[in-house]
Each structure stands twice: as structure tokens, then as C-alpha cells.
Amino acid sequence: MVQIRDLGRHVGETVGLVGWVETTRSHGKVAFVVLRDGTGLAQCVLVKKQVGETTWAAHEGATQESVVTVTGEVRADDRAPGGFEIAVSEMAVLAEAEEYPIQPKEHGVDFLLDHRHLWLRSSQQRAGLRVRAEVEQAIHDFLYDRGFVRIDTPILTGSIGEHAGTLFETDYFGEKAYLAQTGQLYVEAACPAFGKVYCFGPTFRAEKSKTRRHLTEFWMVEPEVAFADSDENMRLQEDFVSYIVERSLERCAEELKVLERDTSRLELVRPPFPRLDYTEAVERLKEKGSEIEWGADLGAPDEAVLTEEHDLPLFVHNYPKSAKAFYMKENPEDTRTVLCDDLLAPEGYGEIIGGSQREDDLDRLRERIREEKLPEAAYSWYLDLRRYGTFPHSGFGLGVERTVAWITGRHHIREMIPFPRLMNRLFP
RNA sequence: UCCGGGGUAGCUCAGUUGGUUAGAGCAUCUGACUGUUAAUCAGAGGGUCGUGGGUUCGAGUCCCACCCCCGGAGCCA
């Protein structure tokens, strides 16, 4: 057996293939079966006079998605998708598929999501998920090369990362437990052990969001760096994002073509990225007619207005304290604000990173926990990190699906994860 | 939770001011065809019009309630 991606090396030879029937076209005395084996597509040509009766009869049972084996000679032909085809001498059906629900035509999103377990086989879905896999690999490679240690953080947690009310609650032997909505507090704990660390895994938000940018279960990478300030944090972010984009362009050119992605703007992505202070951003928005007031978080339309002005991702940094989480460090130059940044992707894809320098002063951190009325006891271990050798440190979280949606140019982040969990969707 | 759009064949949709037996394309089945690229051509089968109630001689169409889906807002990555 050979793999379809290697057919070019076997021209003139007789080879065996095994795979799933993607499409068939029959003309009475000649038939075309397009086979998919996970590495590519191969058009298999059957001529009635040249194959045995058994094989000709077999091809009639080769319905869409049936598993078949094929033996035949490889030849180059411009009429074949991929440039090579198989002149079939023998074909056998190993598993005949029932009538396949997903046809080569348009379907509604709801129907496709109901059939997500089958939809994965479609060409654009294959391409998108392959880009996702490449992005994930790029994330690990970049961080590994820079000396980060991967820390796997718990999914079942007792303490709360950010704001309550958006957590999935579960029973833990009679005690309340929550599905993690961030691994950040734990990577902060690992930071004094290894200096540079990151976690990578699923996170859970019970937000009742129904937009193309939200999932209830999504994957996030969260690097954390000891002795890095907010400025270094942003420099790491722009290097990181640029590397991920470059790797995708380099190794997923074929997939991006299948997805009809215009890559010209992605090719511009390299550091430095433009930076806009929150206070400047509000002024800019007011000039443009927005009704935003200083102190409020930026709305989705505000973000769109700001990113329209740039080809590159845009940092908006130093937001008001009131709009951000308790663990962010107060900005010494303007104590109304904290040292943090959001990275907004271009072309309307929105926030792909949220990052900050962390509050390393014990008293101020405890004060913020009280202000936010968070359960102080649950954070005692987190406060310990400020008792036993506190240190300046910064980190950020990058959303994998949003990043992949931007790189692939897909409208919906729900296509960027194999089995999306949405507010109204727990199956398949 | 709020705002907007929608639910008719397996799928994607059309369906006029309420009016005879609810239509099309694709898919399926039957037949024709030796180079197709979502092949083409001819024919056939296929419907609890989201659910419940109401108005009417008559409801897919009008009214009320509910359910579900999509898009957006808020929140966030």
C-alpha cells in the first residue's frame, strides 16, 4: 500500500491504495472514483472493458464514504485533481457506506454541526483543522526553543480565576468544584520553579454568548515570565504571534488555498505591532463619534474602528482598573489604570490575546481581592506567592480558535475546533 | 437577558390579497452514456408546512401562547 501524497514517486508502477470514497462519477462504460486516504485525493479510473466483472460490480457498490481498496497503475494526467490518477485493474469494497448525509452541495450550519462527526471529513474542514494542528505545534516549538517549561494546570479547581458567575460548577465528592477558566494562577505558582513557563489546554466559560467569536470550551496557551515587565510582555506577544503566522504560511500553503484565504495581509505580520494606550484610544474613538466614556471597556464596534486603521494586529494597553481583573498590577504612572494589554487581530477578528503584568505586592493584591469581593480564603495559596519571594512577572493568554480563525480567514471559530461546545450544543 | 431574522420533502429553498391535488433544485431509485471534475439527459417515489390553541365555509398563509435555530449586543480568548 502507498499513501496518496506519494503517488508522484510511483508513476508507471502498479500500486495499492486504501481509503474512503469521496465522490463517484459513472458513465456507463467508464467510471471515476475519487479516493481519500487522509494524505490526499486520488482519482481512480475504471474502464469496463479493462477491469474484471467482479471489480466493475464492486465499483457500483462503492457509495460515498465506503472504504475500498484499489490496485492500478499510477499515471500523470492533467485532468486528474492533484495531477496523478490510478488506472484501476482491481477494486474491492471493504465496507459499504449507507447513504451519506453530507452531499457535495450547500448545507446549513445547524445541519452541519449536527453531523460534525462526519463534517470533519470535508475538504475545508480538513484544511482548517490541519492549520489548527500546525498552530498548536508552532506554539510548542516557539516556547520550547525559548526555554519555557510546559506546566499542565488543573481543570478541576476550587478557586476562581476571574469573575464568578461564568463558571461551570460540578460536584466534587460533596464539595463545589469549577471547571478552570484559566490556568494563569497556577503558572504563576510554577514561575519561581522554572522562570519561564506556560500552560496549554482547554478552558471553560459558562457565558451565554452567541456570537461567532465564542465557545464555552476553548483552548488557550498561557505563558508566564519571571522578571518581565509589561513592555517585555508585549514584545514576547508580537514575536509569538508573528512566528505562528509565519509557520502557518510556510507549512499550510495548500490548506490556506483550499480555504481561499487571501494571505497578502498575513504576510505583513511581523514585529513591532502598533500600540495604543487606552486613554489615547478613547480620545480617538470620541473623535470618530463613539459615545465611549473613559473607564468603560471597549465594545466590539469600538475595537473594529481601531483595528480598521491598521494592517497589523494592534495592542491596546493600560486599561482602567475597573474594566480588568484583580491580579493586574497598578500602573505607577497613572494609578487609575493597570499594566495590561489586549491584542486585537486585524480584519475584524477581535481580541486574540489578553495579557498583563501581575500585582506582586501582597497588600495591594489582598486589597484588590477584597474590593472585588472575592472569597479571600480560596486565594490564600495565591497570596503565598507574594509572601515567599515575590517578584515582578507578566504573562498572557492566547485563544487558539480565534487565532486560527483569523489565520484561515474563516467566519466562525466553531469550525476551528474539532467538536465545538456551544451554549446549545453538547453533541456530537 | 435584550434586539433582529427564521422553522415547508433526506438537504437547500420558493409558495401572491386566505381558495381546488403544496412546488423547484440537489440527493435516492430506474434507464441512457468511454474522460468526468458538484458530469449530463429521461422517468419515478418522497410532505404531521416547529408544537398547541383560535378566527374562518376554507389556514403553509391571519391572531395568541410556547419550543427550537441563526445573527448581533453584553461578557470575554
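Naming convention: chains lettered A, B, ... in sequence-line order (proteins, then strands); numbering from 1 in each chain.
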- How would you label the contact of A:G350 with the nucleic acid (heavy atoms, under 4.0 Å): base, sugar-phosphate, or nothing? nothing

- Message: So, OP1 or OP2 of B:A39: does either fall under 4.0 Å of a side-chain N or O from A:R25?
- Response: yes

- Item | Nearest listed nucleotide, side chain of A:T211, among B:C70, B:A77, B:A73 | B:A73

- Task: Take the protein atom CD of A:E98 and the nucleotide atom C1' of B:G10, then report the distance between them rounded to whole Å.
- Result: 13 Å

- Closest nucleotide among B:A73, B:C11, B:G35 to the A:R213 side chain: B:A73

- Query: Which is true for A:F218 with a 4.0 Å heavy-atom rule: it touches a base, it touches only sugar-phosphate, or it touches nothing?
  - Reply: base

- If we take the P atom in both B:G23 and B:C63, what is their distance in whole Å? 25 Å

- Query: If you check the A:E85 side chain, which of B:U34, B:C69, B:U36 turns out closest?
  - Reply: B:U36

- Message: Return whichever of A:V47 or A:E401 has its heavy-atom-nearest nucleotide of RNA chain B closer to the 5' end.
- Response: A:V47

- Message: Would you call the rings of A:F32 and A:H27 parallel, tilted or perpendicular, taking 30° and 60° as the class edges?
- Response: perpendicular

- Message: What's the gap between B:G18 and B:C62 when it is taken at their P atoms, as a whole Å value?
- Response: 8 Å

- Task: Please state the C1' separation for the pair B:G45 and B:U55 - nearest whole angstrom.
- Result: 37 Å

- Query: Which of parallel (below 30°), tilted (30 to 60°) and perpendicular (above 60°) describes A:W219 and A:F200?
  - Reply: tilted

- What class does the angle between the rings of A:H115 and A:H117 fall in, given that below 30° is parallel, 30 to 60° is tilted and above 60° is perpendicular? parallel

- In Watson-Crick or G-U wobble terms, both distances under 3.5 Å, what is the partner of B:U12? B:A24

- Could you tell me the separation between the CG atom of A:L113 and the P atom of B:C68, rounded to a whole number of Å? 17 Å

- Message: Using a 4.0 Å heavy-atom cut-off, does A:L215 contact any base of the nucleic acid, only the sugar-phosphate backbone, or nothing at all?
- Response: base

- Message: Measure CE/A:M423 against C1'/B:C69 and give the value in whole Å, please.
- Response: 11 Å

- Item | A:R75 side chain, from C-beta outward: closest of B:C76, B:C70, B:G35 | B:G35

- For A:R402 and B:C75, give me the distance from atom CZ to atom P, rounded to whole Å. 13 Å

- Task: Taking the six-membered ring for Trp and the single ring otherwise, decide whether the centroids of A:F419 and A:W119 are under 6.0 Å apart.
- Result: no

- Winner on side-chain proximity to A:R414, out of B:G10, B:G71, B:U37, is B:G71

- Query: Considering only side-chain heavy atoms of A:H411, which listed nucleotide, B:U36, B:G72, B:A27, is closest?
  - Reply: B:G72

- Message: Starting the side chain at C-beta, find the nucleotide from B:A77, B:U36, B:C76 nearest to A:F32.
- Response: B:U36

- Between P of B:C76 and CD of A:E217, the distance in whole Å: 21 Å

- Message: Using the ring centroid of each side chain, check whether A:F194 and A:F148 are separated by less than 6.0 Å.
- Response: no

- State whether A:R132 and A:E401 are salt-bridged, where the test is any N-O pair (Lys NZ or Arg NE/NH1/NH2 against Asp/Glu carboxylate O) under 4.0 Å. yes

- Just checking, any donor-acceptor pair under 3.5 angstrom between side chains of A:E99 and A:T63? no

- Message: Using a heavy-atom cut-off of 4.0 Å across all strands, would you classify A:D297 as base, sugar-phosphate, or nothing?
- Response: sugar-phosphate

- Query: Touch check for A:S26, heavy atoms < 4.0 angstrom, all strands: base, sugar-phosphate only, or nothing?
  - Reply: base

- Message: Could you tell me how far apart A:L112 (CG) and B:C11 (C1') are, to the nearest whole angstrom?
- Response: 10 Å

- Please measure how far the P atom in B:G15 lies from the corresponding atom in B:G7, and state the result in whole Å. 10 Å

- Message: From C-beta outward on A:N424, which listed nucleotide comes closest to its side chain: B:U37, B:C69, B:C26?
- Response: B:C69

- Provide the distance between the two C1' atoms, one in B:G50 and one in B:C26, to the nearest whole Å. 24 Å

- Item | N or O in side chain of A:H115 less than 4.0 angstrom from B:C11 OP1/OP2 | no

- Note on the structure: Checking N1-N3 plus N6-O4 or O6-N4 for Watson-Crick, or N1-O2 and O6-N3 for wobble, each under 3.5 Å, the partner of B:G4 is B:C70

- Item | Any donor-acceptor N/O pair under 3.5 Å between B:C75 base and A:S209 side chain | yes

- Message: Considering every strand and a 4.0 Å limit on heavy-atom distances, what is the contact class for A:H27: base, sugar-phosphate, or nothing?
- Response: base

- Main-chain N/O of A:A31 paired with A:S26 side-chain donor or acceptor, under 3.5 Å: no

- Task: Give A:K48 one of three labels, base, sugar-phosphate or nothing, depending on what nucleic acid heavy atoms sit under 4.0 Å from its own.
- Result: nothing

- Note on the structure: A:K208 NZ to B:A73 P, in whole Å, measures 19 Å

- Message: Can you check the distance between B:A59 and B:C49, where both ends of the measurement are the C1' atom (answer in whole Å)?
- Response: 11 Å

- Message: Could you identify the nucleotide paired to B:C33, looking across every strand shown and requiring Watson-Crick or G-U wobble geometry with both distances under 3.5 Å?
- Response: none

- Starting from P on B:C69, measure out to CZ on A:R212 and report it in whole angstrom. 20 Å

- Nearest-nucleotide comparison on RNA chain B, the residue closer to the 5′ end among A:D110 and A:I352: A:D110

- Query: Nearest to the side chain of A:H214 - B:C75, B:U34, B:G35?
  - Reply: B:C75

- Message: Counting only side-chain heavy atoms from C-beta out, which of B:G71, B:G35, B:A77 sits nearest to A:Q43?
- Response: B:G35

- Check every strand shown and say whether A:A31 touches a base, only sugar-phosphate, or nothing at a heavy-atom separation below 4.0 Å. nothing

